[in-house]
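Only one structure is covered here, and it is reproduced in the block below.
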Amino acid sequence: MDDELLAYIVDKAVIFGRFKLPTGEISPNPFHVDMRTVTFNARMNRIISRRLLEATSDLSFDAAGGMELGAVPVACGLMAEAATDGRFIDAFAVRKKRKETGTRKIVEGPDLAGKSILIVEDTCNSGRSALAAVEAVNAMGARVVGVATVVARGGFAEFRHLGLPYRFLYSEIDISEAIAQLT
């Protein structure tokens, strides 16, 4: 396989079986994609970051982030990779539940008020996590300009309904075809 990132995803992140999704539903797919094994790998994170920056090059954004935990390495990778080109974007994380101590923040990172935001994820199954992140940053006075993920399994209609561009590196079909090539 010529695509190093896709080969790594299939080798390290694809797990066969039925899994419970964050929505509580059981996935209808015969496999799960555990992207944390990919996004926390330094080499793969760099490849992901470069490709996502290319895929979103037509969007102007000041910060990238999304729901913990999946968005954190993606957002931090984008922040670091963009800086190598002299472009400084901030990263942030949206908590699944408001912190009950200290600042009690739902969004961690720099102040996002008035900023243009790219919502990121490692894998988008239904779009619900990204939509929760959109809601959280909009409440802070930020403006979401798009959504980007490494693997897109869903969310297409939801983002289109909001008028948000949706960029991804691989679709579920891409992953399925790569699995078939290797078996």
How about [X] and [Y]: do any of their side-chain heavy atoms sit closer than 4.5 Å?
X: D62; Y: I117; result: no
X: N125; Y: H32; result: no
X: V120; Y: L78; result: yes
X: V33; Y: R153; result: yes
X: F159; Y: V134; result: no
X: L162; Y: L131; result: yes
X: I48; Y: T39; result: yes
X: V14; Y: F31; result: yes

Which value, rounded to the nearest 0.5 Å, describes the distance between [X] atom [atom1] and [Y] atom [atom2]?
X: E121; Y: M35; atom1: CD; atom2: CE; answer: 11.5 Å
X: E54; Y: E81; atom1: CD; atom2: CD; answer: 9.0 Å
X: D34; Y: T123; atom1: CG; atom2: OG1; answer: 8.0 Å
X: M44; Y: I9; atom1: CE; atom2: CD1; answer: 9.0 Å
X: L118; Y: L52; atom1: CG; atom2: CG; answer: 8.0 Å
X: M140; Y: L112; atom1: CE; atom2: CG; answer: 4.5 Å

Are [Y] and [X] linked, directly or through intermediate hydrophobic residues, by side-chain heavy-atom contacts shorter than 4.5 Å (ILVMFWY only)?
X: I175; Y: F16; result: yes
X: I89; Y: V94; result: no
X: F156; Y: V144; result: yes
X: L53; Y: L59; result: yes
X: M79; Y: V72; result: no

Check: Should we count CD1 of I26 as having more than 12 external heavy atoms under 6.0 Å?
Finding: yes
Within the distance-only criterion (no hydrogens, no angle test), does the side chain of [X] pair as donor or acceptor with the backbone N or O of [Y] below 3.5 angstrom?
X: S171; Y: D174; value: yes
X: T37; Y: K12; value: yes
X: R95; Y: V107; value: no
X: T149; Y: D122; value: yes

Which pair of heavy atoms, one from [X] and one from [Y], lies closest together, and at what distance?
X: Y166; Y: G155; value: CE2-C, 4.2 Å
X: A91; Y: C76; value: CB-N, 4.2 Å
X: A148; Y: T56; value: CB-CG2, 4.0 Å
X: E4; Y: R43; value: OE2-NE, 2.7 Å
X: V145; Y: S60; value: CG2-O, 3.7 Å
X: A13; Y: V38; value: CB-CG2, 3.7 Å

Between [X] and [Y], is any side-chain donor less than 3.5 angstrom from a side-chain acceptor?
X: Y8; Y: D3; result: no
X: N45; Y: S49; result: yes
X: R143; Y: S116; result: yes

Item checked: Worked check of salt bridge (charged side-chain N to carboxylate O under 4.0 Å, His left out) between K96 and E68 -> CA-CA 7 Å; K96 292 177 184 168; E68 63 175 350; 5.7 Å; no
Note to self: Are F168 and Y170, when compared by the centres of their aromatic rings, separated by less than 6.0 Å?
What the structure shows: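 F168 vs Y170: aromatic centres not under 6.0 Å.
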Item checked: Cation-pi check, R87 onto F61 ring (under 6.0 Å, within 45° of axis) -> yes
Next item on the list: Show the numbers, then the answer: is there a side chain to side chain contact (heavy atoms under 4.5 Å, CB included) between R46 and R50?
Entry: CA-CA 6 Å; R46 180 107 194 254; R50 173 59 45 203; 5.6 Å; no
